[in-house]
Amino acid sequence: MSKNVYILRERKETGELHLFLANPTEENECRSQHKSICGRTNIEEESRTIFACQPEDRARIQCAKIGRTICTTCVSHLYADEV
């Protein structure tokens, strides 16, 4: 169970949407990293969850439907080649 999943959160202060990497847990939940992929927001900031615990392919589809309001640095991570 080490495959990354994603959480999308909206900062209430600015309306910006940011992706967080997360790891699935045995309890069918996920544990997020402290900072967003871009590093500009923390998981504890006042925000609401748009989606949680989504694998890369589903996160990519959902982000594409949402469009331009998502941080471009965060969303570009979904399209980067793995090394």
Side-chain angles (χ1 to χ4, degrees):
M1 274 209 153
S2 62
K3 190 112 175 110
N4 284 329
V5 292
Y6 295 87
I7 299 171
L8 182 67
R9 294 182 59 93
E10 178 185 28
R11 290 176 71 184
K12 290 193 179 196
E13 179 181 299
T14 63
E16 298 170 344
L17 299 173
H18 292 274
L19 281 168
F20 291 80
L21 279 172
N23 295 319
T25 67
E26 296 290 330
E27 296 81 31
N28 291 327
E29 296 176 358
C30 55
R31 184 164 292 124
S32 174
Q33 291 186 356
H34 182 68
K35 289 246 184 216
S36 62
I37 291 171
C38 68
R40 292 190 299 234
T41 189
N42 296 324
I43 196 71
E44 295 94 14
E45 287 187 41
E46 182 92 14
S47 61
R48 73 178 177 102
T49 301
I50 306 300
F51 64 72
C53 303
Q54 296 298 308
E56 184 178 286
D57 58 338
R58 292 186 67 203
R60 190 181 298 137
I61 291 166
Q62 290 182 7
C63 287
K65 287 179 182 177
I66 293 168
R68 294 182 170 266
T69 55
I70 301 173
C71 169
T72 56
T73 303
C74 287
V75 80
S76 69
H77 180 84
L78 296 174
Y79 295 92
D81 291 334
E82 296 221 9
V83 179

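Annotation: side chain of N4 is in contact with side chain of N23 (closest heavy-atom distance under 4.5 Å). Between Y6 and L21 there is a side-chain heavy-atom pair separated by less than 4.5 Å. Contact annotation: the side chain of K3 never approaches that of P55 to less than 4.5 Å [non-hydrogen atoms, C-beta and beyond]. At a threshold of 4.5 Å between non-hydrogen side-chain atoms, the residues C71 and T41 do not count as touching. Inter-residue side-chain proximity for H34 and E44 is flagged as met; some heavy-atom pair is nearer than 4.5 Å.
Residue pairs meeting the side chain to side chain donor-acceptor pair (under 3.5 Å) criterion with at least one partner in residues 60-73, sequence neighbours excluded, are E56-R60.
Contact between I7 and A22 at its shortest, heavy atoms only, is CD1-CB, 3.9 Å. In terms of heavy atoms, F51 sits closest to Q54 at CD1-CG, 3.3 Å. Closest approach of R11 to R40, counting heavy atoms only: NH1-O, 3.8 Å.
Connection of I37 to L8 is established within a shared hydrophobic cluster, with ILVMFWY side chains joined at heavy-atom distances below 4.5 Å, either directly or through further cluster members.
In E13, the CD atom is not crowded: 12 or fewer heavy atoms of neighbouring residues, nucleotides or ligands sit closer than 6.0 Å.
Cysteine sulfur proximity is satisfied for C30 and C53, their SG distance being under 2.5 angstrom.
Here the straight-line distance linking atom OG of S47 with atom NZ of K12 works out to 7.5 Å at 0.5 Å rounding. To the nearest 0.5 Å, atoms OG (S36) and NE2 (H18) are separated by 5.5 Å.
Under the side-chain contact (heavy atoms from CB on, under 4.5 Å) rule, R9 has a single partner from I50, L19, I43, L17, which is I43.
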